[in-house]
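Here is the naming used below: chain letters follow the sequence lines, and residue numbers restart at 1 for every chain. Values below: every heavy atom of this structure, side chains too, minus hydrogens, waters and symmetry copies. Predicted model, so just to flag it, every value in this text is computed and none were measured.
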Amino acid sequence: MDSSANEQKGQGKPSPQANIGPKPLLDTLRKELDNPIGNKILITSRSSFIPKISLALLGILVVEKHHRGVYITIERPYVYMQSILKLRGIPISDIIFIDTVSKLSGRVIPDDENVRFVDGPFSINLMQDVPIKAIQNNVPTKTIRLPEMDFFMVDNISPIYKYASSTAIESFFCKLTTFSSKPEQKIIGIIDPVACPQLYQLAKTYIGRIIPIQEALL
Amino acid sequence: MKNALPRIKSGIKGLDEIIEGGFPFPSTILLAGYAGSGKTTFVTQFLNEGAKHKEQGLFFTTLSEPTQWMLRFMSSLESINPDFFGNEIKFIELGPVLRHAVDYNQILEVIDDHIAQIMPQRVVIDPITVLEGMVEGSYRQFQYELSCRLKNWQATSILTGEVVAGQQYPSEIAYTADAVLILSHELVDGQRKRYLEVMKMRGTKHATNRFPVTIGENGLVVESVGFI
């Protein structure tokens, strides 16, 4: 996809008309994100709803809460979510994208300071370190320190099982959920528990607070 | 750790039973058939099924027939809820874009823009085959790019393909599609009979029979009971 085509759209301040999701979904997510019980959140949903939930979460975190965070995409190039965000005026400069698929798919890798590319979702052993190493070691124009990040979000954990071993996945979850040095930092995973029950059981052991998003909220 | 692919219901009675419960999500599906074989009915039911479950549908019409005429006929089917039209199911006429596009990237960008705006879970392009003449020389590249983008947008998409006598399906599209379904009809004892066959569906153990198809008030039905 030609990301430059979207460069002129939606850059800058969030539009007051930005549509980031239906009200029942937004209300539920706002409530859960403000819940002090736990900052490690596993959102469950049908696979087909996950892009809309991701948009709603990023909209709330970045636009409403002014958070800065890391968005990890497992199966699709980051440019898709990036263009959805730009179109709605959500400032992408506050998000570091970790993209595990663009290199693998042979796509032209754009020179984008907010993106770090992993060789592929197969290299999940590397990926477990990427959120730390990429941000600490390889930022060309500004230094973004991990402790300053407000959230880490994995958009659709479900496809990981297609690319990596159980051991590697477990190691990834372990790393993801223990490196936080900021108590209020949010770790958010989104998963389709029906498509991948084993992975769901595993994810639950690391990200304990489950928030089911049902059809009625959308 | 092995698990099944996520699937969405097709909306076609009798079809999900022969494809492990539904279409893989996301995926790109070629639905090929002669004129009158039921392609547009099929894809309208597919979008209608999603709308029943809060999934947004996007129907791109190319140069087939004016949208209002198609909707008029589809609304008469009992299984289609016309309240979804314009709401859960949005229609985009690609005709004007196709008439003025200089190259296929312009067509892709228009499709991208609409999808990014609406974020549909189900997409239909009906028919895709009219684009062959417009992107001459780059048709396979265009199909590959389109198929990748549709999946990356996280949608299950059906591209319909018109075939002519002697042609089973448009092969250029079949290469890049995750699934190929063929609707056909033939004269049997002086009567036209319709059939559906699943030629290919990646990641799916599908039936390989040719199943009879009926189109009535309840829409298009695959008569798979008794075959599987």
Side-chain angles (χ1 to χ4, degrees), chain A residues 1-3 5-6 9-10 19 21-22 25 46-52 54-55 73 75-88 101-102 105-107 155-156 158-162 164-170 192-202 214-218, chain B residues 1-10 20-27 46-47 49-58 87-88 103-123 141 144-157 202-203:
Chain A
M1 149 165 215
D2 178 12
S3 58
N6 291 306
K9 287 186 292 198
N19 176 17
L25 172 67
R46 267 174 28 204
S47 292
S48 56
F49 291 146
I50 289 178
K52 289 200 171 179
S54 302
L55 168 64
T73 174
E75 201 173 43
R76 63 175 181 160
Y78 80 100
V79 289
Y80 290 86
M81 181 51 85
Q82 197 187 56
S83 60
I84 285 169
L85 298 174
K86 282 180 182 175
L87 197 63
R88 287 157 179 83
V101 285
S102 289
S105 62
R107 299 261 143 182
D155 181 357
N156 201 355
S158 315
I160 293 182
Y161 74 88
K162 288 188 271 184
S165 68
S166 301
T167 312
I169 294 169
E170 196 155 356
D192 179 343
V194 176
C196 199
Q198 266 182 289
L199 182 63
Y200 172 57
Q201 291 304 325
L202 180 63
Q214 306 294 349
E215 194 176 296
L217 296 176
L218 291 121
Chain B
M1 193 180 292
K2 294 288 175 196
N3 287 281
L5 291 173
R7 290 180 189 276
I8 57 172
K9 301 276 181 208
S10 68
E20 288 192 40
F23 294 134
F25 179 90
S27 64
F46 165 71
L47 295 178
E49 177 67 21
K52 287 195 288 191
H53 300 289
K54 297 279 188 90
E55 289 176 359
Q56 186 70 52
L58 189 51
N87 297 305
E88 287 86 353
D103 62 41
Y104 74 74
N105 281 312
Q106 285 185 354
I107 301 168
L108 291 171
E109 279 169 23
V110 169
I111 292 171
D112 276 341
D113 283 347
H114 285 292
I115 295 179
Q117 185 68 50
I118 293 169
M119 293 181 72
Q121 287 84 11
R122 298 180 185 229
V123 174
Q141 198 178 337
Y144 171 78
E145 190 63 32
L146 177 67
S147 179
C148 288
R149 291 187 190 203
L150 291 170
K151 278 184 281 187
N152 281 327
W153 283 119
Q154 297 287 289
T156 291
S157 306
R202 288 178 179 146

Could you pull out the closest heavy-atom pair between [X] and [Y], with the gap in Å?
| X | Y | result |
| --- | --- | --- |
| B:Glu55 | A:Ser48 | OE2-OG, 3.0 Å |
| A:Leu87 | B:Asp113 | CD2-O, 4.5 Å |
| A:Leu55 | B:Met119 | CD2-SD, 3.5 Å |
| A:Ser83 | B:Trp153 | OG-CH2, 3.3 Å |

Worksheet entry | Reported CZ-to-CZ distance for the pair A:Arg76 and B:Arg149, which is rounded to 0.5 angstrom | 14.0 Å
Response to the item:
Distance col, row B:Asn152:CG vs A:Tyr78:OH, nearest 0.5 angstrom, shows 13.0 Å
Item to complete: Heavy-atom distances under 4.5 Å only: say whether B:Ile118 touches chain A with side chain, backbone, both or neither.
Response: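 Contact with chain A is through the backbone of B:Ile118 alone.
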Worksheet item: Quick one: side-chain contact (heavy atoms from CB on, under 4.5 Å) partners of A:Ser158, sequence neighbours excluded?
Response: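 A:Asn156, A:Ile191, A:Asp192.
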Practice prompt. Sort A:Ile50 into side chain, backbone, both or neither according to what part of it lies under 4.5 angstrom from a heavy atom of chain B.
Written response: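 For A:Ile50, neither part sits under 4.5 Å from chain B.
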Worksheet entry | Heavy-atom side-chain proximity of B:Gln154 to A:Tyr80 below 4.5 angstrom |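 No, their side chains stay 4.5 Å or more apart.
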Fill in: Check: B:Ile8 main-chain N/O paired with A:Arg46 side-chain donor or acceptor under 3.5 Å
no
Fill in: Audit row: B:Lys54, A:Leu217, side chain to side chain contact (heavy atoms under 4.5 Å, CB included) steps and yes/no
CA-CA 9 Å; B:Lys54 297 279 188 90; A:Leu217 296 176; over 6 Å; no
Practice prompt. Mind checking ring-ring contact (aromatic ring centres under 6.0 Å, His included) for A:Phe49 and listing every partner two or more places apart, or none if nothing turns up?
Written response: none
